[in-house]
Amino acid sequence: MKVMFLVDRYFFLEKQVHEYMKLLVVKTPEQVLHYFEKQLIRYQRLLLLQNLDAYPDSVITSIHYLIKDYSSAIHKVQTYLSYQKELQVLND
């Protein structure tokens with residue numbers, strides 16, 4: 001039962017990761033992960049270092065949305081990579 005869940009979840013995540021790879025024009029999931037981590041750090045720094053009063057609320061809300069979205073993408077790629085390792089162990 002657990003193996004079927006892993007396989008189903010793996011293929012679902014694999015499709016999303018491959019879509020990210022296609023959109024970012026990269027060749028490995030690790031490159032996708034690196035891109036999203038870099039973007040996440042960039043937007044987090046923007047919120048921490050800039051005077052937020054200079055920006056309208058809509059911009060700040062958009063930045064928070066991007067941070068949430070990039071965090072979700074990072075989690076998906078990390079989960080995909082961990083499932084990939086688990087399934088590789090099960091196949092060996």
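Please read these numbers as outputs of a predicted model, since none were measured by experiment. Quick note: numbers below take in every heavy atom, side chains included, and nothing from hydrogens, waters or symmetry partners.
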For [X], check side-chain contact (heavy atoms from CB on, under 4.5 Å) against everything at least two apart and list the hits.
X: H64; value: L47, I60
X: S62; value: none
X: H75; value: T79
X: S72; value: K76

Contacts under 3.5 angstrom, residues 10-17 side chains, donor-acceptor by atom type, not counting sequence neighbours:
none

(message) Using a 6.0 Å cut-off, check whether atom CG of D57 has over 12 heavy atoms from anything other than its own residue.
(response)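 No, not enclosed.
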(request) With sequence neighbours excluded, tell me which residues meet ring pair (Phe, Tyr, Trp, His ring centres under 6.0 Å) with F36. (result)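 With neighbours one apart ignored, the set is Y20, Y70.
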Identify the two heavy atoms, one from [X] and one from [Y], that lie closest to each other, and give their separation to 0.1 Å.
X: I63; Y: Y43; value: CG2-O, 3.9 Å
X: K27; Y: Q31; value: N-OE1, 2.8 Å
X: L81; Y: P29; value: CD2-CB, 3.8 Å

Out of curiosity, [X] [atom1] to [Y] [atom2], how far, rounded to the nearest 0.5 Å?
X: H34; Y: L24; atom1: NE2; atom2: CG; result: 11.5 Å
X: I41; Y: K38; atom1: CD1; atom2: NZ; result: 9.5 Å
X: D69; Y: Q39; atom1: CG; atom2: CD; result: 11.5 Å

